[in-house]
Structure formats: C-alpha cells, structure tokens
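Chain identifiers are assigned alphabetically (A, B, ...) following the order of the sequence lines, protein sequences preceding nucleic acid strands; residue numbering begins at 1 within each chain. These values consider heavy atoms only, across backbone and side chains, with no hydrogens, waters or symmetry-generated copies.
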Number of protein chains: 2
Amino acid sequence: MKEEIQLETIKRCSSQYILALNDTLNVINGKWKLPIIGILLYGKKRFKELQREITKITPRMLSKELKDLENNGIVKRTVYDTTPVMVEYELTESGKTFNRVLDTMVEWGIEHRENILHK
Amino acid sequence: MKEEIQLETIKRCSSQYILALNDTLNVINGKWKLPIIGILLYGKKRFKELQREITKITPRMLSKELKDLENNGIVKRTVYDTTPVMVEYELTESGKTFNRVLDTMVEWGIEHRENILHK
DNA sequence: CGGTATCCTCACCGATACTG
DNA sequence: CAGTATCGGTGAGGATACCG
C-alpha cells in the first residue's frame, strides 16, 4: 500500500470525509489507473487488449494496476475456463460512476485554463 | 516537473480533455498539496502558520509544494515589506473553486463505500 | 494467452543544518 | 520569519526474460 497523502493534517475535516477522499485518491493514484479506467468505460477488455490499447505499459505494471483496481472494488476480473484461458476485466458499478469524478476534474481544468488566460 | 500519468493513451479523448485533466492531477499530485489547499480554504496564512497547522511537514517540502501551487495558479504569494519580512499565501479563484473537485471526490468515495457494503 | 521474476534507476521525500 | 543547501533512503515504475 502506497503512503497516503497526509489528509489527516486537515484537522477540521471529519474522518468520514478523509476516508472517502482517500478512497478516491487510491483510484487515481499510479501512472496507469486512469488510462485503464478510461478504456474500460467503453466495455469489457481482455488483458492483451488492454496492453495493446495502452501504449507502452508493460505486463508487470498492467497486472499490478489491475490488481489494485480489483482490490479497491473498481474492476471485476472474470476467468473463463477455456483453452487457452481467457480473462476479462470490466468496471464495477463504482467503477462506472467514477466517470462523474473524471468529468468534474475536466470541468475544473477547463475553467482553470480560462481563469489564467483572462488575467 | 513530475512525469505525467499516461493520459494520452486514452486515444478516444480529445487533447483538450487530457490537458484539463492533467491540470487537475497536477494540483492533487504530491503528498502535501491537498492539505495545504484544505487549510488555505479557510483564509490567508503565513509560511510559519502553514507549517504549524500541517503536522510534520518540513520547510523544504512546504516551500516546494507552495511553489508548485503558485506556478500552477492555485496559490498567490504576497510579500509585505516589513521587518522581519512577512509573506502571505492565499488561494486564487481557481484555488477556491477547486473545492468543487474535492466535494465530488468525497461524494464518490462515500457512495463507493456504500456500494461495497451492500454486496 | 495471461501473467511472474529479477534487476535497476531515478524522483520523491525526510532529516538536518544553515542563511538573509 | 521565510526560506535554501546538502545528503541520503525508499519505493514506484521500466526493461528484460521467463512460466503454466
């Protein structure tokens, strides 16, 4: 588990607030999680498909990030008993609604660019 | 500048979208930026005040994170020509509206916890 | 196909001391 | 007060090779 951002230093905030924020940060955290989520928003994918669509990710990192996302309840992993074995990854309900967070981040980013230009 | 999350791998997204998202990620990025913003949301603070309110941050890191936030247009630094010198940090307009992003992150985090419990 | 195992680098961050 | 300088550890992530 990665060292967390020091949210507990915001003393005025409830621990509920901090736990929830940390959960969200854990989804964002790492170089490849948002790209993975971004692709899975369009539907189920197999390991090799993800690797092809995410330029330059190594299997090591893809495996690690998918495990993290699975442990955090963002991604569901399904193994089909075929030969050779087939594994599919898809977003959970939480994973799908994470879209809202991304949208808010993008909206703020766009407004921020406008704020800076108009000064 | 830190290496960016590989957003360009989400090929279906516009570069506008990716730039905006990266701007937002730059505000989040680092161990102490959210704590600093969280405190500055309550008003202007001096360097030493921030150091006191954020437990265990070293002046080195506080200085670095404040510079990053200033460069990103989130924090405004004002030097008063007194003796000894007095420096105040406050949020810009963008910094203040960043609250919306935090709120969305907290909302998602809370819903996510509920999703997990009800399974 | 769907991953592990190993090794290695570099940037993040802490500790400590010092400065204008 | 408001920082900077220097040193050093650690862990995220890349490269490459291999496995069932």
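- Contact annotation: A:R46 side-chain N/O to C:dG2 OP1/OP2 distance is under 4.0 Å.
- Salt bridge A:K96/A:E93: present, at least one basic N to carboxylate O contact under 4.0 Å.
- Across the protein-nucleic acid pair, B:I54 atom CD1 and C:dC13 atom C1' stand 15 Å apart, rounded to whole Å.
- The interatomic distance linking B:Q51 (CD) with C:dT16 (C1') rounds to 13 Å, in whole Å.
- Note that CZ of B:R52 is 9.5 Å distant from NZ of B:K45, once rounded to the nearest 0.5 Å.
- Qualifying ring pair (Phe, Tyr, Trp, His ring centres under 6.0 Å) partners for B:Y89, counting only residues two or more places apart in sequence or in other chains: none.
- End-to-end axis angle of the helix from C:dC1-D:dG20 to C:dG20-D:dC1, using five pairs per end and rounding to 10°, comes to 50°.
- A heavy atom lying under 4.0 Å from DNA chain C marks none of the residues of residues 73-83 of chain B.
- Taking 4.5 Å as the limit, some side-chain heavy atom of A:I57 sits within range of a side-chain heavy atom of A:Q51.
- Between A:M61 atom CE and C:dA5 atom C1' there is a gap of 15 Å when expressed in whole angstrom units.
- Through chains of ILVMFWY side-chain contacts below 4.5 Å, B:Y80 is grouped with B:M86.
- Contact check of residues 63-70 of chain B against DNA chain D (heavy atom, cut-off under 4.0 Å) returns B:S63, B:K67.
- Here the side chains of B:V75 and B:L91 are in contact, with some heavy-atom distance below 4.5 Å.
- Grouped with A:L117 in a hydrophobic cluster is no other residue, since no side-chain heavy-atom contact under 4.5 Å to another Ile, Leu, Val, Met, Phe, Trp or Tyr is found.
- Take A:D23 and apply the salt bridge (charged side-chain N to carboxylate O under 4.0 Å, His left out) test, not counting sequence neighbours, and it matches B:R113.
- Scored by the side chain to side chain donor-acceptor pair (under 3.5 Å) test, A:K64 finds A:D68 as partners (sequence neighbours excluded).
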Interface polar pairs with nucleotides 15-20 of chain D, N/O, under 3.5 angstrom:
unit_1	atom_1	unit_2	atom_2	d
D:dA15	N6	A:R60	NE	3.4

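- Residues passing the side chain to side chain donor-acceptor pair (under 3.5 Å) test with B:N115, sequence neighbours excluded: A:S94.
- Residue B:E70 places its CD atom among more than 12 non-hydrogen atoms of other residues, nucleotides or ligands, all under 6.0 Å distant.
- For A:R100, the salt bridge (charged side-chain N to carboxylate O under 4.0 Å, His left out) partners at least two apart in sequence or on another chain are B:E111.
- What separates CD of B:E53 from P of D:dA2 is a distance of 13 Å, to the nearest Å.
- In this structure, A:K48 does not reach the C:dG3 phosphate: none of its side-chain N or O atoms is under 4.0 Å from OP1 or OP2.
- Taking atom NZ of A:K33 as the reference point, atom C1' of D:dG13 lies 11 Å away to the nearest angstrom.
- A:I116 forms part of no hydrophobic cluster, judged by ILVMFWY side-chain heavy-atom separations under 4.5 Å.
- A:H112 places a side-chain heavy atom less than 4.5 Å from the side chain of B:I74.
- Atom CD1 in B:I36 sits roughly 14 Å away from atom C1' in D:dA2 (whole-Å rounding).
- Across the protein-nucleic acid pair, B:K31 atom NZ and D:dT10 atom C1' stand 11 Å apart, rounded to whole Å.
- Each of B:I57 and A:P84 was matched to the nucleotide of DNA chain C holding its nearest heavy atom; the match closer to the 5' end belongs to A:P84.
- For D:dC1, neither phosphate oxygen OP1 nor OP2 lies less than 4.0 angstrom from any side-chain nitrogen or oxygen of B:Y89.
- Between B:N29 atom CG and C:dC12 atom C1' there is a gap of 10 Å when expressed in whole angstrom units.
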